[in-house]
There are 2 protein chains.
Amino acid sequence: MVTVHDVARAAGVSISTVSRALATPDRVAAPTRDRVTAAARELGYRPNRAASVLRAGRSGAFGLVVPDLANPFFATVAKGAQARARQRGLGLFVVDTDEDPELEAEAIAHLAPQTDGILLCSPRAVGSAVAALEGRPVVLVNQNADGLPSVVTDQAGGMLRAVEHLRALGHRRVAYVGGPRSSWSDRRRREGLREAVELFDDVELVELGDFRPQVAGGQAAADLVVASGATAVVTFNDLVAIGLVDRLRARGLRVPRDLSVVGCDDSYVASLVDPALTTLRADLRDVGRRAVDHLAAVAGPGRDTLAEVPPLDVELVVRASTALPPAR
Amino acid sequence: MVTVHDVARAAGVSISTVSRALATPDRVAAPTRDRVTAAARELGYRPNRAASVLRAGRSGAFGLVVPDLANPFFATVAKGAQARARQRGLGLFVVDTDEDPELEAEAIAHLAPQTDGILLCSPRAVGSAVAALEGRPVVLVNQNADGLPSVVTDQAGGMLRAVEHLRALGHRRVAYVGGPRSSWSDRRRREGLREAVELFDDVELVELGDFRPQVAGGQAAADLVVASGATAVVTFNDLVAIGLVDRLRARGLRVPRDLSVVGCDDSYVASLVDPALTTLRADLRDVGRRAVDHLAAVAGPGRDTLAEVPPLDVELVVRASTALPPAR
DNA sequence: ATGAAAGCGCTAACAA
DNA sequence: TTGTTAGCGCTTTCAT
C-alpha cells in the first residue's frame with residue numbers, strides 16, 4: 001500500500017507537504033505541488049479513507065436511506081442523488097430498509113457514523129429514525145416533520161391539476177383511492193383534494209382507503225369505486241390504478257369509457273399498460289439532486305443557511321385513461 | 001463522543017478489555033463482559049468505525065456496484081444482497097454507475113478502500129473495473145470472466161425450457177431478439193438457444209439484434225421478426241417483448257394469435273401488460289444473497305474456499321403471450 | 001512555504 | 001484472563 005510517506009520520499013518533501021498539496025493545493029508553492037502530484041500519480045497513491053476520516057472527522061460521503069429500492073419511485077430519487085453527489089465529489093451510500101421501521105433505525109445507526117449526513121427518504125418511523133441519527137445532519141425527502149429540513153413535491157398542486165382536468169372533462173364526482181395512512185404523500189394528497197373540490201363547488205369528493213400501494217390494492221378498491229357513483233378516480237400510485245383497471249375489466253367495465261382513471265408517480269409502467277395512464281409526474285431525479293444540495297448546505301460550515309427548498313412542481317401527464325364521463 | 005476510554009473507566013477495566021468484550025465476548029470472563037456491555041450501553045457508546053477500519057484493516061461492509069438502480073433486475077439483486085449482508089452483520093453500500101464504464105471504474109476506486117470486498121454486478125467494462133479494485137476481493141454477479149469468482153443464472157437452461165415450450169406448442173421457427181453485444185447474458189442466451197435447437201433438429205433459430213434493451217428496442221425489432229417468418233420469438237428482456245407486442249398491434253397483428261412471445265427476467269411489468277407475458281424467471285433476490293455469501297467466503301480467512309456457486313435455476317413462467325402457431 | 005510532531009479511536013501483539 | 005503498549009495513515013497545529 002502506498003502511503004503519504006512513500007509519496008513524500010519520492011517527491012523529496014515531508015508528509016505534511018504531501019497532505020497539503022493534495023488537500024489544499026493553493027497553500028503549497030506551485031513547483032512543489034507539481035512534484036508531489038506527479039509522484040502521487042506515478043506511485044498510484046490512493047489516500048486511505050479510514051485514516052482521513054479518523055483524523056479529520058469528515059468522511060466525504062452522504063448516506064441515503066430508502067424503504068424499498070425495487071420501487072421505481074425511490075430508485076429514481078436514488079439515481080438523482082447519486083449523480084449529484086458524484087458531481088460534488090462526494091460518495092453516496094444507499095441503504096434499503098425493506099419497509100421495516102426497526103431495520104430503518106438500525107441501518108441509520110450503522111450508516112450515520114461513517115457519513116457526513118443522511119438523506120432520509122420517506123421514513124417509515126420518523127421518530128426512531130431521527131433518534132438513530134444522534135444529531136447527525138439530516139434532510140428529509142418526500143416528507144415533512146418537526147421543522148426538519150426537507151425536500152418535497154407539491155402533492156396538493158398535483159391534486160388540483162388532476163381535479164381541474166377531470167372537471168373540465170365534465171366529471172362532477174371524483175373518488176380517491178388512498179394508500180397507507182402512515183404515508184406523508186397520502187395525507188398531503190387527501191388535503192390537496194379537499195382543497196381542490198372546495199375551490200370548485202360543483203365537484204364532489206369520495207375518499208376511500210387505505211389500500212395497499214400495489215396492484216392488489218387497486219383490485220380491492222375497484223368495486224368500492226363503482227359503488228360510490230364516481231365517474232372518475234385518482235389513485236395513490238400507478239400500480240393501484242393498474243389493479244383498478246384490471247378489476248373493472250373483469251366486471252365488463254372499460255376505462256376510460258365507463259370510468260376515468262388518474263394515477264400517480266408516472267412510473268414507467270404508466271405508459272406501458274393499456275390504456276396508457278393519465279398520471280401525475282414529479283421530476284424525481286431532481287428531488288434527489290436537490291436533496292443532496294440541501295444536505296450539503298445543512299451539513300456545511302454555514303449551518304444557518306437553512307434556505308427552505310420550495311416544493312417541487314407536480315405536473316399532469318394526460319394519456320388515454322381519462323375521457324368524458326359516460327352519457328347518462 | 002464516547003470512546004473506549006470512557007467505557008473502560010466506567011467499567012473499571014482497561015481499554016483492551018473493552019475492545020475484547022465487545023468484539024470477541026468469549027475471550028473475556030462473563031462478569032467482566034457484563035460490566036463492560038452495561039457501561040457501554042449506559043454511556044451510549046458507539047465504536048468509531050473509521051478508527052476500527054484503520055487499525056484492523058476490515059470495514060465490516062461490502063460494496064455493490066450496479067449499472068442502473070432503476071432497472072428492476074438490479075434493484076432486486078440489490079435487495080437480496082442487502083438483506084443477506086444485514087443477516088451477517090455486515091453493511092452493504094450500493095453504488096449506481098449510470099451504465100457508464102468510466103464512472104464504474106471511478107465508483108469502484110472510491111468504494112473499494114472502505115469495504116472488505118466488492119460485488120460487481122454486470123460490469124460494463126470488466127477490465128477497468130477489476131483494475132480499479134486494486135486486488136480487493138471481488139465476486140462477479142450475472143457475469144463470468146477470467147476465472148473470477150462469480151454468481152450467475154442458468155441462462156442456457158432457461159433458453160432450453162423456452163424452446164421446449166414453444167416446440168411443444170408446435171412452433172418450428174423461433175426468432176431471438178438480442179440485447180447489447182457487450183452483455184454477458186446476451187451471449188449466454190444465444191449459445192443456449194443454439195444448443196437447444198441443435199437438440200431438436202426440427203426447430204430452426206433466427207438470431208436478430210443487437211437491439212436496445214428497452215421498449216424502443218422491441219418496437220425496432222418487430223418488423224424484422226415478422227419478415228423472418230418465425231412463429232415465435234424470445235426477447236432479451238420483458239421490455240423488449242412489450243415493445244414488440246406494441247408494434248405488432250400497430251400493424252394489425254395480435255399476440256399470441258399471430259406470434260408467440262417469450263420475455264426474459266419476469267420483471268414485474270410482465271404480468272401487468274396485455275397479454276401477460278410468458279417469461280423466464282430467476283430468483284434474483286437469491287442471486288444477491290448468494291453473491292454476499294460467496295464474497296464472504298472469498299474475502300474470509302480460508303481464501304482457498306473458492307467453492308464454485310453453480311448457476312442458479314431459471315424457470316419458465318407461462319402466461320398469455322404464447323399459444324399454438326397460426327394455422328397455415 | 002515547509003517540516004516536525006502530536007494524536008484521532010481503535011485493535012492486537014506481547015506481558016504479566 | 002487482563003493490562004500495557006505500539007502503531008494503522010492521515011491531518012493539523014506549531015515552529016522554523
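Quick note: numbers below take in every heavy atom, side chains included, and nothing from hydrogens, waters or symmetry partners. Just so we're on the same page: letters track the sequence lines, and every chain starts at 1.
- Counting heavy atoms of neighbouring residues, nucleotides and ligands inside a 6.0 Å radius, atom CD of A:Glu42 does not exceed 12 of them.
- Between B:Asn48 atom CG and C:dG7 atom P the separation is 18 Å, expressed in whole Å.
- Between the CG atom of B:Leu22 and the P atom of C:dC10 there is a distance of 10 Å, rounded to whole Å.
- Atoms CZ and OG, on A:Arg27 and A:Ser19 in that order, are 11.5 Å from each other to the nearest 0.5 Å.
- The distance between atom OH of B:Tyr45 and atom P of C:dG9, rounded to the nearest whole Å, is 10 Å.
- At a threshold of 4.0 angstrom between heavy atoms, the contacts of B:Val53 with the nucleic acid are absent.
- With respect to the salt-bridge test (charged N to carboxylate O, under 4.0 angstrom), the residues A:Asp293 and A:Arg289 do not qualify.
- Between the NE2 atom of A:His5 and the C1' atom of D:dT11 there is a distance of 12 Å, given to the nearest Å.
- One N or O on the side chain of B:Arg35 and one on the backbone of B:Ala11 form a donor-acceptor pair closer than 3.5 Å.
- Donor-acceptor pairing under 3.5 Å, judged by distance alone, is absent between the side chain of A:Arg55 and the base of C:dG9.
- Nearest to the side chain of A:Ser16, among D:dG3, D:dT1, C:dG3, sits C:dG3.
- Position along DNA chain D of the nearest nucleotide to B:Leu54 versus B:Ser14 favours B:Ser14 as the more 5'-ward residue.
- In summary, A:Arg9 and A:Asp6 engage in a salt bridge, as defined by a charged side-chain N under 4.0 Å from a carboxylate O.
- Nearest to the side-chain atoms of A:Met1 among the listed nucleotides D:dG9, D:dT2, C:dT11 stands D:dG9.
- The listed nucleotides are C:dA1, D:dT12, D:dT2; the one nearest the side chain of A:Ser19 is D:dT12.
- Rounded to whole Å, the distance from CZ on A:Arg9 to P on C:dG3 is 14 Å.
- Between the side chain of A:Arg20 and the base of C:dG3, a donor-acceptor pair under 3.5 Å is found.
- The side chain of A:Thr17 has C:dG3 as its nearest neighbour among D:dT2, C:dG3, D:dC10.
- OP1 or OP2 of C:dG9 has not a single side-chain nitrogen or oxygen of B:Ser52 nearer than 4.0 Å.
- When rounded to the nearest whole Å, the span between CD1 of A:Ile15 and P of D:dT11 equals 10 Å.
- The nucleotide whose nearest atom lies closest to any side-chain atom of B:Thr3 is, among C:dA13, D:dT12, C:dC10, C:dC10.
- Summary of the strand contacts: A:Val13 and B:Arg58 both lie near DNA chain C, and taking for each the nucleotide with the nearest heavy atom, the more 5' one is attributed to A:Val13.
- At whole-Å resolution of the value, CZ in B:Arg27 and C1' in C:dA12 are 10 Å apart.
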